[in-house]
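Below: one structure, written as structure tokens.
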Amino acid sequence: MRRVTYSMNVSLDGYIVDASGDIDWSDPDETVFRYWTDEIREAGVHLLGRRLYETMLYWETAEQDEPLGAAELEWAALWKALPKVVFSRTLPAVRGTNTRLASGTLADEIERWRAEPGDGDIAIGGATLAAEAADSGLIDEYRAMVHPVLVGGGTPFFPHHGRRVNLELVESRTFGSNVAYLRHRVAR
């Protein structure tokens, strides 16, 4: 069965964006960018909330807007080829290659993707969407790319759903930029 993974950059004090909505503190170095590229290869679909969808629209036309290096071109090609489902209460339509607006609930969408043949994780992006998945017990793995910065507030990585979730450390890695990757599996 396909795993449901929640993976984001996070500050050491636990935020995916700072209080101003900025993510510039999480700009990856070459090795972290390579890791994200390798991770996206493992995904079979990416489920996104509206804010992350709007951020990731950049990759739909990035090579037309500015010169990109080989690594960025590879990322853009992988991202565009990946099926993406956007969850939004406000968007009437979405654009982008292999992108569609969700027609059902998050649980329905995950169940549908788990039932389909094929490989690849069901990746979830965005704290609000991840909180909904966590509340329903649908996340199998939490993957945090922890950056050595305290941003002091913003959108938290971990949803505050008021229930305990026991985790098992599956993998950890430190990059030369002092970024630490932590991958935890939900203990069931």
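Position 1 is the first residue of the sequence, and the numbers go up from there. What you see is a predicted model, and the numbers here were worked out from it, not measured in a lab.
- Checking side-chain atoms of Glu171 against main-chain N and O of Leu182 turns up no donor-acceptor pair under 3.5 Å.
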| query | How far apart are the C-alpha atoms of Val32 and Ser177, what are their side-chain angles, what is the distance that settles it, and do they pass the side-chain contact (heavy atoms from CB on, under 4.5 Å) test? | reply | CA-CA 8 Å; Val32 171; Ser177 56; 4.0 Å; yes
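- Summarising the geometry of Val94 relative to Leu101, their closest heavy-atom pair is CG2-N, 3.5 Å, with the distance given to 0.1 Å.
- The CZ atom of Arg51 lies 11.0 Å from the CG atom of Leu129; values are rounded to the nearest 0.5 Å.
- The main-chain N or O of Ala81 is found under 3.5 Å from a side-chain atom of Asn98 such that the two form a donor-acceptor pair.
- Other residues sharing the hydrophobic cluster of Trp25, ordered by chain and number and joined by side-chain separations under 4.5 Å: Tyr15, Val149, Val151.
- Salt bridge absent: Arg2 and Asp119 never bring a charged side-chain N and a carboxylate O closer than 4.0 Å.
- Leu73 and Leu57 fall within a single hydrophobic cluster, where Ile, Leu, Val, Met, Phe, Trp and Tyr are joined by side-chain heavy atoms under 4.5 Å apart, directly or via other members.
- The list of side-chain hydrogen bond (donor to acceptor under 3.5 Å, both in side chains) pairs with a residue in residues 77-92, not counting sequence neighbours, reads Glu63-Lys80, Ser88-Thr90.
- Once rounded to the nearest 0.5 Å, the distance linking CG of Leu138 with CG of Leu47 reads 10.5 Å.
- Under the salt bridge (charged side-chain N to carboxylate O under 4.0 Å, His left out) criterion, the residue pairs touching residues 102-113 are Arg100-Glu109, Glu109-Arg112, Arg112-Glu116, with sequence neighbours excluded.
- In this model, no donor atom of one side chain and acceptor atom of the other lie less than 3.5 Å apart for Asp22 and Ser20.
- Residues satisfying the salt bridge (charged side-chain N to carboxylate O under 4.0 Å, His left out) test with Glu168, not counting sequence neighbours, are Arg185.
- Identified under the ring pair (Phe, Tyr, Trp, His ring centres under 6.0 Å) test for residues 166-188, with sequence neighbours left out: Tyr35-Phe175, Tyr35-Tyr181.
- Between Glu141 and Arg183, at least one side-chain nitrogen of the basic residue sits less than 4.0 Å from a carboxylate oxygen of the acidic one, meeting the salt-bridge criterion.
- The two residues Arg34 and Ala71 make their nearest non-hydrogen contact at NH2-CB, 4.5 Å.
- The minimum heavy-atom distance between Ala127 and Ile16, with the atom names listed, is CB-CD1, 3.6 Å.
- The line from OG1 of Thr5 to CZ of Arg143 is 4.5 Å long, rounded to the nearest 0.5 Å.
- Nearest heavy-atom pair, Trp75 versus Phe33, reported as atom, atom and distance to 0.1 Å: CB-CZ, 3.6 Å.
- The two residues Thr55 and Ile23 make their nearest non-hydrogen contact at CG2-CD1, 4.3 Å.
- With contacts defined as side-chain heavy-atom distances shorter than 4.5 Å, the pair Glu54/Val86 does not qualify.
- Among all heavy-atom pairs drawn from Trp113 and Ile122, the shortest one is CB-CD1, 3.7 Å.
- Annotation: Arg188, atom CZ; neighbour count of heavy atoms from other residues, nucleotides and ligands within 6.0 Å is above 12.
- Separating the CD1 atom in Ile110 from the CD1 atom in Ile139 is a distance of 8.0 Å, to the nearest 0.5 Å.
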| task | Starting from the C-alpha separation in whole Å, work towards a yes-or-no answer on side-chain contact (heavy atoms from CB on, under 4.5 Å) for Phe87 and Tyr53. | result | CA-CA 9 Å; Phe87 290 81; Tyr53 157 73; over 6 Å; no
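- The backbone N or O of Pro148 lies less than 3.5 Å from no partner atom in the side chain of Asn178, so there is not a single donor-acceptor pair.
- When the side-chain contact (heavy atoms from CB on, under 4.5 Å) test is applied to Tyr58, the partners found at least two apart in sequence or on another chain are Ala62, Glu66, Leu68.
- Formation of a donor-acceptor pair under 3.5 Å by the Asp121 side chain with backbone atoms of Val4 is not found in this model.
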| said: Show, in sequence, the C-alpha distance, side-chain angles and deciding distance for Val186 and Asn166, and conclude whether the side-chain contact (heavy atoms from CB on, under 4.5 Å) test is met. | reply: CA-CA 6 Å; Val186 173; Asn166 293 319; over 6 Å; no
| said: Apply side-chain contact (heavy atoms from CB on, under 4.5 Å) to residues Leu52 and Met56 and explain how you reach the verdict. | reply: CA-CA 6 Å; Leu52 183 59; Met56 298 303 288; 3.9 Å; yes
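- Distance CD1/Ile124 to OH/Tyr142: 9.0 Å, rounded to 0.5 Å.
- Aromatic pair Tyr6/Phe157: ring centres closer than 6.0 Å.
- Between Ser7 and the choices Glu39, Glu42, His46, the side chain to side chain donor-acceptor pair (under 3.5 Å) rule is met once, by Glu39.
- A heavy-atom distance below 4.5 Å is found between the side chains of Ser26 and His147.
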